[in-house]
Amino acid sequence: MSLTPAQVIATKKEFQENFRLSGLTLTQIADALHTTPTVITATMQLNTLHLEDPWVLKNFLEAYANKQHRPSVPFSALKGDYHNYWFLDTQRIQQQKIG
């Protein structure tokens, strides 16, 4: 999935806002996703080795917000059912691991 420059900027902002709204620390998110805070930070900046990593983080943040009845910001580019994107490894996303 190739994002336009505007979509990249928007997605980074959406990650930052959802991270802030979650109330979680980078370490808490990293532990939940079996990775490090550095990898979570890189993922929020869209600097990843795998196309699926932003989807894993997005799904985690949305699910956490839902469970905690917290507000969240909708993602404008990472939307829809990831199963419908032929180029994504859906098993990787379902494993909820980043890195």
Side-chain angles (χ1 to χ4, degrees):
M1 179 172 184
S2 186
L3 301 178
T4 67
Q7 288 173 317
V8 168
I9 292 168
T11 302
K12 288 178 181 181
K13 287 180 183 177
E14 292 156 0
F15 270 125
Q16 283 297 323
E17 188 61 14
N18 281 308
F19 168 63
R20 186 187 68 75
L21 289 170
S22 77
L24 294 169
T25 66
L26 288 172
T27 301
Q28 288 171 313
I29 295 170
D31 288 347
L33 296 176
H34 312 285
T35 192
T36 66
T38 302
V39 171
I40 296 301
T41 300
T43 302
M44 287 195 294
Q45 290 299 310
L46 303 178
N47 296 323
T48 64
L49 294 176
H50 306 281
L51 285 175
E52 295 80 13
D53 290 353
W55 285 87
V56 172
L57 182 56
K58 168 203 176 284
N59 290 346
F60 174 83
L61 290 170
E62 288 177 338
Y64 183 82
N66 236 0
K67 280 185 199 173
Q68 301 300 315
H69 305 287
R70 290 180 177 260
S72 66
V73 173
F75 284 86
S76 55
L78 302 179
K79 59 184 178 182
D81 185 346
Y82 63 85
H83 294 96
N84 294 331
Y85 294 99
W86 62 267
F87 51 85
L88 292 174
D89 181 346
T90 59
Q91 289 181 340
R92 185 170 179 73
I93 296 170
Q94 290 166 342
Q95 290 173 352
Q96 296 184 347
K97 292 182 183 176
I98 291 182

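It should be emphasised that the depicted structure is a prediction, and the values quoted were computed from it without experimental measurement.
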- Just wondering, more than 12 heavy atoms not from Lys12 lying within 6.0 Å of its NZ? yes
- Dump the intermediate steps for side chain to side chain contact (heavy atoms under 4.5 Å, CB included) on Met44 and Leu26, then the final yes or no. CA-CA 11 Å; Met44 287 195 294; Leu26 288 172; 3.6 Å; yes
- Message: Test side chain to side chain contact (heavy atoms under 4.5 Å, CB included) on Glu17 and Arg20; report intermediate values, then the result.
- Response: CA-CA 5 Å; Glu17 188 61 14; Arg20 186 187 68 75; 2.5 Å; yes
- Any link between Phe87 and Leu49 through a network of hydrophobic side chains (Ile, Leu, Val, Met, Phe, Trp, Tyr) touching at under 4.5 Å? no
- Task: With the side chain counted from C-beta on, respond yes when Leu78 and Pro54 share a heavy-atom pair under 4.5 Å apart, and no when they do not.
- Result: yes
- Message: On a heavy-atom basis, which atom in Gln7 and which in Thr4 lie closest, and how many Å separate them?
- Response: OE1-N, 2.8 Å
- Message: If we ignore hydrogens and angles and just use 3.5 Å, is the side chain of Gln96 paired with the main-chain N or O of Phe60 as donor and acceptor?
- Response: no
- Item | Heavy-atom side-chain contact between Thr48 and Ile98 under 4.5 Å | no
- Item | Heavy-atom check, side chain of Leu46 versus side chain of Leu3, under 4.5 Å | yes
- Item | Non-hydrogen side-chain atoms of Glu52 and Gln91 separated by less than 4.5 Å | no
- How long is the gap from CG on Leu88 to CD1 on Ile93, to the nearest 0.5 Å? 4.5 Å
- Message: Ignoring hydrogens, what is the shortest heavy-atom contact between Leu24 and Phe19? Give both atom names and the distance.
- Response: O-CE1, 3.2 Å
- Considering residues at least two apart in sequence or located in another chain, which fulfil the ring pair (Phe, Tyr, Trp, His ring centres under 6.0 Å) criterion with Tyr82? none
- Task: Hey, could you give me the CG/CH2 distance between Asp89 and Trp55, rounded to the nearest 0.5 Å?
- Result: 13.5 Å
- Query: Looking only at heavy atoms, which two atoms of Ser76 and Glu14 are closest? And how far apart?
  - Reply: OG-OE2, 2.7 Å
- Determine whether Leu57 and Val8 fall in the same hydrophobic cluster, where Ile, Leu, Val, Met, Phe, Trp and Tyr are linked whenever their side-chain heavy atoms lie under 4.5 Å apart. yes
- Task: Enter the distance from Thr36:OG1 to Ile40:CD1 here, rounded to the nearest 0.5 Å.
- Result: 7.5 Å
- Message: Between Arg70 and Tyr64, is there a side-chain heavy-atom distance shorter than 4.5 Å?
- Response: yes
- Query: When Asp53 is tested against each of Arg92, Lys97, Lys58 for salt bridge (Lys or Arg N to Asp or Glu O under 4.0 Å), which residue passes?
  - Reply: Arg92
- Apart from Val73 itself, residues in the same hydrophobic cluster as defined by side-chain heavy atoms under 4.5 Å: Leu21
